[in-house]
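Data block below; observations after.
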Amino acid sequence: MVTSSAPGKVYLFGEHAVVYGEPAVPCAIERRVHVTATEIDEGLRIHANDLQLDGFTVEYSGDGESHPDVDVAESLVEAGMGYVNEAVAQARDAADAPEAGFEISVEGDIPLGAGLGSSAALVVAAIDAATRELGVELSASDIADRAYQVEHAVQDGQASRADTFCSAMGGAVRVEGDDCRRLEGIDTLPFVIGYDGGAGDTGALVAGVRDLRGKYDFAADTVAAIGDIVREGESVLGTGDYERLGELMDFNHGLLSALGVSSRSLDSMVWAARDADAHGAKLTGAGGGGCIVALDETDDALTALKYTPGCEDVFRAELDTDGVRQE
Ligand SMILES: Nc1ncnc2c1ncn2[C@@H]1O[C@H](COP(=O)(O)OP(=O)(O)OP(=O)(O)O)[C@@H](O)[C@H]1O
Ligand SMILES: C[C@@](O)(CCO)CC(=O)[O-]
Ligand SMILES: [Mg+2]
C-alpha cells in the first residue's frame with residue numbers, strides 16, 4: 001500500500017490564453033489530494049468519498065462494466081472514474097504490468113471543479129502511488145507528462161500542460177506549449193482564495209473562448225494581450241513587487257471577463273478583495289464559478305470576503321514549493 005499526494009494550484013496569470021500557446025504562470029498551493037494505491041488480484045476498485053456529499057464507491061472489474069453502488073449522476077461517476085482509470089492505465093504502462101489490479105482511495109481538501117486543479121492533483125498523485133506500488137519510481141517530470149496525457153484524454157483534447165506540470169513539480173512554474181519550467185527563487189506569495197461554492201464547466205468555457213477568438217480579431221488580440229501580461233508579470237515575479245503583480249492580476253481579470261469567463265459571484269469576490277486593498281485579484285482556472293485569488297499579506301481581504309454575499313469559503317493558501325510526494 002502506497003499513499004502519495006499532490007498539490008492544487010492557482011493561476012497567477014495566463015489561464016485560457018495558455019490553451020493557444022501563450023505562456024501562463026500557475027502556482028502550487030498547500031491544498032492536496034491524497035491517493036492510496038493497493039495492488040489487488042485484478043480489476044480496479046475506487047473509493048472517492050469527496051465526489052459527492054454522501055460519497056460513493058465505484059467497483060468494477062476488467063470487463064470495464066461499472067457498478068456504482070450509490071445513486072449519483074452517471075456523468076459524475078464517469079468523470080471521476082475517467083481520471084483514475086486513465087491514471088492507473090499510465091501506471092500499468094510505466095511498470096509494464098498491464099494486468100495489475102488496484103484498489104484506489106482518494107481524499108482531498110481541494111474543492112472540485114473550482115479552478116484549483118483538483119483533477120490534475122488527483123491524476124498526478126494516482127500515477128505516483130500506483131507506479132510505486134508496482135515497484136517503479138518515476139521522475140516528477142515523467143509523472144507530469146503522463147498526467148497531461150490523462151487530462152488530455154479525459155477532457156477531450158482540451159487541456160494544457162499547466163495544471164499537471166505545476167502539481168507534479170510544485171512551486172511557481174511557467175508553461176508555454178510543451179515548454180514547461182519551474183521558476184526558481186520564488187518561495188512565498190500571499191494568496192487569499194475566495195470560493196463561491198460553485199463550479200465551472202471547463203470544456204464549455206474553453207470552447208466559448210475559442211469561438212470568440214475565431215469570430216473577432218479583437219478577441220484574438222485579447223488572448224494575445226493576456227500573453228503580454230504574463231511576460232510582463234514573470235519579470236516582476238522575482239522582485240517581490242506585489243503592487244505591480246497585483247496590478248497585472250487586475251488587468252488579467254479584466255481581459256478574462258471580456259472573454260466571457262467570469263461570473264457575477266467571481267466579480268463580486270474580486271471587487272470585495274480590491275475594496276479591502278488587496279494588491280490585486282482575479283478569477284483562477286476556467287472560471288464560470290468557483291474561485292478567485294487575491295494577493296494580500298494582511299488579513300483585510302480575508303475578512304472582507306468572509307462577509308461578501310456569494311462567497312461560501314475563504315482561506316489563505318501558501319505557495320507549496322513541494323510537488324508530488326510519497327506520504
Ligand atoms: N478528491 C477527489 N475525489 C474524486 N474525484 C476527484 C477529486 N478531485 C477531483 N476529482 C475529479 O476531478 C473532477 C474535477 O476536475 P475539473 O478539471 O473539472 O476541475 P478542477 O481540476 O478542480 O478545476 P480546474 O481544472 O478549473 O483548475 C471531478 O469532477 C472529479 O472527477
Ligand atoms: C482554462 C484552462 O487554461 C485552465 C483550467 O484550469 C484550461 C487548460 O489550461 O487546460
Ligand atoms: Mg482540472
Side-chain angles (χ1 to χ4, degrees), residues 5-11 13-29 31-36 46-52 55-58 72-87 104-126 147-148 150-152 154-167 173 175-177 180 193 195 198-210 223 226-227 230 252 256 259-261 266 283-293:
S5 76
K9 57 99 234 280
V10 294
Y11 274 88
F13 308 115
E15 54 273 268
H16 283 288
V18 70
V19 175
Y20 310 98
E22 299 293 344
V25 177
C27 301
I29 55 170
R31 289 235 161 186
R32 288 182 168 255
V33 171
H34 287 72
V35 175
T36 301
I46 304 170
H47 308 273
N49 294 319
D50 302 330
L51 208 44
Q52 262 276 318
F56 80 89
T57 304
V58 181
V72 294
E74 188 64 28
S75 61
L76 211 66
V77 175
E78 271 172 17
M81 291 194 320
Y83 288 111
V84 176
N85 202 357
E86 294 292 322
I104 300 279
S105 298
V106 185
E107 237 181 289
D109 57 5
I110 305 172
L112 275 58
L116 300 185
S118 71
S119 63
L122 165 62
V123 171
V124 165
Y148 164 68
V150 172
E151 287 230 302
H152 196 266
V154 178
Q155 294 168 201
D156 291 329
Q158 314 210 70
S160 71
R161 291 180 178 272
D163 290 21
T164 38
F165 183 76
C166 185
S167 184
V173 306
V175 172
E176 182 172 8
C180 303
I193 293 171
Y195 174 42
D201 180 339
T202 303
L205 290 153
V206 170
V209 173
R210 195 183 48 223
V223 169
I226 291 176
V230 181
N252 195 161
L256 287 166
L259 291 170
V261 299
L266 293 173
L283 67 83
T284 172
C291 293
I292 64 127
V293 55

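In this chain, residues are counted from 1 in sequence order. Atoms within each ligand, like the ligands themselves, are counted from 1 in listed order.
- Proximity of Asp163 to ligand 1, defined as any heavy-atom pair under 4.0 Å, is confined to the side chain (atoms from C-beta onward).
- Considering CG of Leu116 and NZ of Lys9, their distance stands at 7.0 Å, rounded to 0.5 Å.
- By the 4.0 Å heavy-atom criterion, Ala162 is excluded from the residues contacting ligand 2.
- Counting the atoms of ligand 2 from 1 in the order shown, those under 4.0 Å from a heavy atom of Ala286 are 1 (C), 5 (C).
- Each of the atoms 22 (O), 23 (O) of ligand 1 lies under 4.0 Å from some heavy atom of Ala114.
- Within ligand 1, counting atoms from 1 as listed, the ones closer than 4.0 Å to a heavy atom of Tyr83 are 11 (C), 12 (O), 13 (C), 17 (O), 31 (O).
- Of the N or O atoms in Ser118, one or more lie within a sub-3.5 Å distance of an N or O in ligand 1.
- Inclusion of Gly113 in the set of residues having an N or O under 3.5 Å from an N or O of ligand 1 is warranted.
- Less than 2.8 Å away from the Mg ion (ligand 3), the protein contributes these N/O/S atoms: Ser119 OG.
- Here the closest non-hydrogen pair linking Cys166 and Ala28 is SG-N, 3.3 Å.
- Of all atoms in ligand 2, listed by their number and element, those nearer than 4.0 Å to a heavy atom of Val18 are 3 (O), 9 (O).
- The main-chain N or O of Pro23 is never found under 3.5 Å from a side-chain atom of Glu176 such that the two would form a donor-acceptor pair.
- Minimum heavy-atom separation, Val124 to Ala147: CG2-CB, 3.6 Å.
- Screening Ile193, Leu266, Val10 for a side chain to side chain contact (heavy atoms under 4.5 Å, CB included) with Ile292, the sole residue that qualifies is Leu266.
- Atom 7 (C) of ligand 2 has as its closest protein heavy atom Val19 CG2, 3.9 Å.
- The CD1 atom of Ile226 sits 4.5 Å away from the CG atom of Leu256 when rounded to the nearest 0.5 Å.
- Listed for the Arg31 side chain is a donor-acceptor partner under 3.5 Å among the backbone atoms of Asp109.
- At the top of the distance list for atom 8 (C) of ligand 2, counting protein heavy atoms only, stands Ser160 OG, 3.5 Å.
- By the neighbour-count criterion of 12 heavy atoms within 6.0 Å, atom CD of Gln155 is densely surrounded, having more than that number from other residues, nucleotides or ligands.
- Evaluated by nearest non-hydrogen atom to atom 28 (C) of ligand 1, the leading choice among Val123, Leu112, Thr202 is Leu112.
- The closest approach between any non-hydrogen atom of Lys9 and ligand 1 is below 4.0 Å.
- The minimum heavy-atom distance linking Val33 with Ser118 is given by the pair CG2-O, 4.1 Å.
- Of the possible donor and acceptor atoms, none in the side chain of His16 sits under 3.5 Å from a partner among the backbone N and O of Val206.
- The minimum heavy-atom distance between Glu22 and Gly227, with the atom names listed, is OE1-CA, 3.4 Å.
- Contact analysis puts Lys9 in contact with ligand 2, with a non-hydrogen atom separation below 4.0 angstrom.
- For ligand 1, the polar-atom distance check finds an N/O of Gly115 within less than 3.5 Å of one of the ligand's N/O atoms.
- Judged by distance alone, the side chain of Thr164 and the main-chain N or O of Ala120 form no donor-acceptor pair under 3.5 Å.
- Numbered from 1 in the order shown, with element, the atoms of ligand 2 that lie under 4.0 Å from a heavy atom of Ala159 read 10 (O).
- Proximity of Leu122 to ligand 1 is established by a heavy-atom distance of less than 4.0 Å.
- Annotation: atom 3 (O) of ligand 2 to nearest protein heavy atom, His16 N, 2.9 Å.
- Taking every heavy atom of Gly285 and a limit of under 4.0 angstrom, the matching atoms of ligand 2 come to 6 (O).
- Residue contacts with ligand 1, taken as heavy atom pairs separated by less than 4.0 Å, do not involve Ala199 at all.
- Listed by number with element, the atoms of ligand 2 under 4.0 angstrom from any heavy atom of Asp163 are 6 (O).
- Given atom 4 (C) of ligand 2, the protein heavy atom at minimum distance is Tyr11 OH, 3.6 Å.
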